[in-house]
Amino acid sequence: MDEVDRSILTVLEENGRISNNELAARVGLSPSPCLRRVRQLEEAGVIRGYRALIDPAAVGRGLRVFAGVRLIRHTRPDVVAFERGITQLPEVVACHHITGNFDYLLQVEVADLPAYEDFHANQLAALPGVATVTSYVTMKTLSAGTTRAGGAVRG
């Protein structure tokens with residue numbers, strides 16, 4: 001991967017729907033070589049896909065909470081049971097198996113604090129093997145990609 005490929009990736013991270021002609025112009029290539037490079041990056045698995053960024057508040061998920069989860073035991077069956085259960089909860093946007101004070105760090109999106117309280121008590125804490133859950137309610141989110149350029153900050 002060279003600097004042109006990195007430039008292509010930077011532009012596509014900002015706007016995955018950009019036309020090939022505009023992308024080519026922004027990275028200093030003609031359209032055919034640009035398209036060839038994008039396809040090579042896709043085939044190599046560097047570009048894994050394209051998706052829409054949805055405003056969580058617009059779809060009833062205005063509250064983002066990060067939850068640190070510690071398991072009671074770390075046996076393979078306990079881990080598998082927890083992971084199977086957590087992937088079934090649509091409120092969980094991301095689940096990371098981590099090191100440190102917690103075993104998992106979850107990104108949870110729900111409508112509001114009462115919805116999170118219900119989710120925490122009736123779904124998350126009820127999963128197999130959960131010992132403790134520590135919740136961190138997001139007050140504001142700064143996006144590294146937009147703050148560098150002086151762009152919008154989303155709360």
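Numbering starts at 1 and runs along the sequence shown.
Going from atom CZ of Arg17 over to atom OH of Tyr50 covers 12.5 Å, rounded to the nearest 0.5 Å. Between the CZ atom in Phe102 and the CZ atom in Arg70 there is a gap of 6.0 Å [rounded to 0.5 Å]. A distance of 6.5 Å separates CG in Leu41 from CE in Met1, rounded to the nearest 0.5 Å. Here SG of Cys34 is found 3.5 Å from CG of Leu23. Values are rounded to the nearest 0.5 Å. A distance of 10.5 Å separates OG of Ser19 from CZ of Arg26, quoted to the nearest 0.5 Å. Between atom CG of residue Leu29 and atom CG of residue Leu35 there is a gap of 11.0 Å, rounded to the nearest 0.5 Å.
Side-chain atoms of Arg73 never come within 3.5 Å of backbone atoms of Gly129 as a donor-acceptor pair (strictly under, hydrogens ignored). Using modelled atom types, one side-chain atom of Thr138 and one backbone atom of Arg64 make a donor-acceptor pair closer than 3.5 Å.
Within a 6.0 Å radius of CG in Asn101, other residues, nucleotides and ligands contribute 12 heavy atoms or fewer. Heavy atoms from other residues, nucleotides or ligands lying under 6.0 Å from CZ of Arg6 number more than 12.
Residues satisfying the side chain to side chain donor-acceptor pair (under 3.5 Å) test with Gln123, not counting sequence neighbours, are none.
With respect to Val69, the side chain to side chain contact (heavy atoms under 4.5 Å, CB included) criterion is satisfied by exactly one of Thr134, Leu127, Thr132, Val130: Val130.
For Glu42 and Arg39, the salt-bridge test fails: no basic side-chain N is under 4.0 Å from an acidic carboxylate O.
For the residue pair Asp118 and Asn122, the shortest heavy atom distance occurs at OD1-ND2, 2.6 Å. Minimum heavy-atom separation, Leu106 to Leu124: CD1-CD1, 3.6 Å. Contact between Val110 and Ala115 at its shortest, heavy atoms only, is CB-CB, 4.0 Å. Ile47 approaches Val38 most closely through the heavy-atom pair CD1-O, 4.1 Å.
Two residues are said to be in side-chain contact when any heavy atoms from C-beta on lie closer than 4.5 Å; Val93 and Arg61 meet this criterion.
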